Amino acid sequence: MTTLAPPPVQEARHRAEPPAARGRVGRLFTGAPEDPRWARPALWAILVLATALYAWNLASVTGNTFYNAAVYSGTKSWKAFFFGALDSGSFITVDKPPFALWVMGISARVLGYGTWQLALPMVALGTGSVALLYRMVKRDFGAVAATIAALALTLTPITVAINRDTNPDPVLVFLMLLGAAALMRAVRTGRLMPLVWSGVAIGFAFNTKMMQAYVVLPAFFLVHLWATNAPLVRRVRNLAVGTVALVASSAWWMVVVDLIPASSRPYIGGSTDNTVWDLVIGYNGFGRIFGASSSVGSQGNGASFGGEAGLYRLFNGIMGGQISWLIPFALIALVGGLVLRGRAPRTDAERAALLLWGGWFVLHYLTFALAEGTFHPYYVTAMAPGVAALAGIGAVQLYRAFVEGSAAKWGWVLPGAIAVSTVWAVVLLQRVSGSGTLYTVAEVVAGVAGAVAVIGLLLGRFTGRQRLTGLAALAAVVALLAGPAAYSVSAAASSTNGTNPTAGPSTGGGMGAGGMGGGQRPSGGPDGSTSQSGSDGQSAGQPTPGTESGGTESDGASRSGGSAGGMGGGTQVSSAMITYLKKHQDGATWLVAVATDQTASSIILESGEPVISMGGWSGSDDAMTLAKLKSLVKAGKLHYIVIGDSGQGSSNTEISTWVKKNGTAVSDYSGLYRLDASDVG
């Protein structure tokens, strides 16, 4: 396929530039000498747009209270920091490895604790992902493809929502892109070290969200074995060494933690046997795919906030507006691009890039669409770089084929791809047509611009008017990004995210039926900020203590101690109770023991004190045993425990029975009991 040469005027401009302008500092603002004049300013504009969307009114962003509490605890204790413990007393960990918590924790230690200090690294990594994707696409396909890809990633609605949150996904995406960039360098050069660094990057991604980091590995392995510029023996050898680096960088934290005696570290939240390995293969592994595993933490058995599993899931009423806008175009671009590069040499860089981004997209799509375990819409932000890259690459390749290829074979592919994608954008916007003027305007813009693009392309091709063809191509970009832009603006204007951040209008709530927004979290946290409770589990948020809210249990008392929750439930603890507990803490390490993580995290952030979560996220972890409770009470490390009418959880009725028999009920707060060393027989 013929590569379009730079215009003569552009070449003359580069020759006329003084040497200083081509220096490293000059290139930062003007780009490389071979770049079009507009390329670097366009990139800077996109990066400014990304930063604005992700950071707008960041001080009001609530974040995820579950992770916020763990980060806060990590600022009080290096032990809690290393293990990713929920509380500074290091009783139990969160249900994820701690790398993202470390990133936020370092920011909080340097800048002080607050939700914007926690969210700031996520904004930076989100913008960094845009810049990294631009660089990768530009190297093989030029500035136009890179600009479109970067803009598409910037405006992916779910990406905007998650980059304004304190969930770990922005860290995951950035590390995966680093791994992909290093992989492609290894493919081009045939050298070993870039492949090693690729494995290290994916290993750190594993220590961010475990098995989700490995979704891209089949594509990485295929691209390296097929396209690397090296003999087969060296390719296999390098891949083996890179795999060793991957395993080492993935497993080091898990191995260290599992080798430490259980008595000297926190309980591993989400596991069934208090090991990280069980968390990897259970709750954060096969439990996510099949909906059930040996892991107690996987008892949700398919608790989905993104609709029922199936190939249509990412197009349904919940997920469609979050990620699917450019999927039709990306699919056509992938097929068309592979056909165009069909007879290229094995080491062809463009085909290798297509295989990488196509594999990235397809593997994520199948994983998320068919997963029967716990599924949140924001997971699919990991798929966004693949979709965006294919959109940029496809726009350039299909346009060139449209202009230069035979009319019979390629004259209809680009107009058809634009038409299908425009129709789908209008369908998505029709679904929310009553949600505000913003979406109505986007629908009109998408429809009109799409029609102009298709008609203009066909007229330009068959009349030979290249200017008309170019203007039609610009109209196509507007048509395909109008809808995502509307959703992204909505996400940027919202401060309600937390446990299940989404962009655009509400699509309902409940497991398997819709996305869930957040509730409120206790005010007056350690930093004076507000946040929202929640996790990667099955709850939308925790109400403000002392208030009642649908979806949580309450004993009906005005000064509620609360009830122990089952899965997704939590204990309501009033601010008055927290004041009482702090007044009567009497030197104990932990302020109180409660049933679940979401309750504990809210109290931690309001009180600034360590709180025990006895049952982990769902209330079903075996983190607290009767023997452990007795030892903590006898040592004076814990005096108070909240026990509801239903007990701590289905597997811990022994604890509730013993507490009710031996503890002293605090009459002002239903479910609250005082325990002292003398109560332990």
Side-chain angles (χ1 to χ4, degrees), residues 63-64 66-68 70-71 74 80-86 93-108 118-129 132 158-159 162-183 197-217 220 245-257 268-271 276-277 279-285 287-288 297 360 363-364 367-368 374 376 378-385 499 501 535-537 617:
N64 188 324
F66 180 57
Y67 296 122
N68 292 359
V71 174
F81 179 90
F82 175 77
F83 287 107
L86 179 67
T93 70
V94 300
D95 55 10
K96 295 289 182 295
F99 187 73
L101 300 179
W102 294 346
V103 172
M104 291 185 283
I106 291 171
S107 175
L118 272 59
L120 188 63
M122 303 306 182
V123 172
L125 290 172
T127 303
S129 293
L132 191 52
I158 195 62
T159 296
I162 198 64
N163 286 340
R164 294 173 54 79
D165 198 73
T166 53
N167 280 283
D169 296 73
V171 181
L172 173 74
V173 171
F174 183 76
L175 289 170
M176 290 168 66
L177 282 169
L178 278 180
L183 170 77
W197 288 119
S198 177
V200 170
I202 299 301
F204 276 94
F206 177 89
N207 281 303
T208 301
K209 285 200 77 175
M210 290 187 170
M211 296 296 284
Q212 188 175 342
Y214 284 179
V215 172
V216 295
L217 285 184
F220 280 29
L246 167 70
V247 172
S249 61
S250 297
W252 73 270
W253 181 82
M254 174 176 65
V255 171
V256 169
V257 172
I268 306 303
S271 70
V276 183
W277 173 249
L279 187 64
V280 171
I281 64 173
Y283 180 70
N284 286 327
R288 300 282 170 166
W360 186 305
L363 288 167
H364 276 101
T367 300
F368 295 140
T374 301
H376 284 264
Y378 65 81
Y379 293 176
V380 299
T381 194
M383 186 175 76
T499 189
S535 169
D536 192 26
W617 176 257

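Reckoned from all heavy atoms, side chains included, excluding hydrogens, waters and symmetry mates. Keep in mind it's a predicted model, so treat the numbers as computed, not measured.
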Name the residue from Leu101, Leu86, Leu118 that meets the side chain to side chain contact (heavy atoms under 4.5 Å, CB included) definition with Tyr67. Leu101

[X] and [Y]: which non-hydrogen atoms are nearest, and at how many Å?
| X | Y | result |
| --- | --- | --- |
| Val171 | Ala100 | CG2-CB, 4.0 Å |
| Val216 | Trp360 | CG1-CD2, 3.8 Å |
| Ser250 | Tyr214 | OG-OH, 2.6 Å |
| Pro121 | Met104 | CG-CA, 4.5 Å |
| Val280 | Met211 | O-CG, 3.6 Å |
| Ala205 | Met176 | CB-CG, 4.3 Å |

Please confirm whether the backbone N or O of [Y] pairs with a side-chain atom of [X], one donor and one acceptor, at under 3.5 Å?
| X | Y | value |
| --- | --- | --- |
| Thr127 | Ala124 | no |
| Thr93 | Ala85 | no |
| Ser271 | Val276 | no |
| Thr208 | Phe204 | yes |
| Asn64 | Phe66 | yes |

Flag the pair [X] / [Y] as yes when at least one side-chain heavy-atom distance between them is below 4.5 Å, and no otherwise.
| X | Y | answer |
| --- | --- | --- |
| Lys209 | Asp169 | yes |
| Asn207 | Trp252 | yes |
| Val256 | Phe82 | yes |
| Phe206 | Ile202 | no |

Would one find more than 12 heavy atoms of other residues, nucleotides or ligands at under 6.0 Å from atom CH2 of Trp253? yes

As an exercise, state the distance from [atom1] of [X] to [atom2] of [Y], rounded to the nearest 0.5 Å.
| X | Y | atom1 | atom2 | result |
| --- | --- | --- | --- | --- |
| Leu172 | Asn167 | CG | CG | 11.5 Å |
| Met210 | Met254 | CE | CE | 7.5 Å |
| Met122 | Thr166 | CE | OG1 | 7.0 Å |
| Asn163 | Leu125 | CG | CG | 8.5 Å |
| Thr159 | Met383 | OG1 | CE | 9.5 Å |

For the pair Phe81 and Trp102, name the ring-plane relationship: parallel under 30°, tilted 30 to 60°, perpendicular over 60°. parallel

Mutual orientation of the aromatic rings belonging to Tyr379 and Phe368 [parallel < 30°, tilted 30-60°, perpendicular > 60°]: tilted

Trace of the side-chain contact (heavy atoms from CB on, under 4.5 Å) decision for Val200 with Trp197: CA-CA 5 Å; Val200 170; Trp197 288 119; 4.2 Å; yes

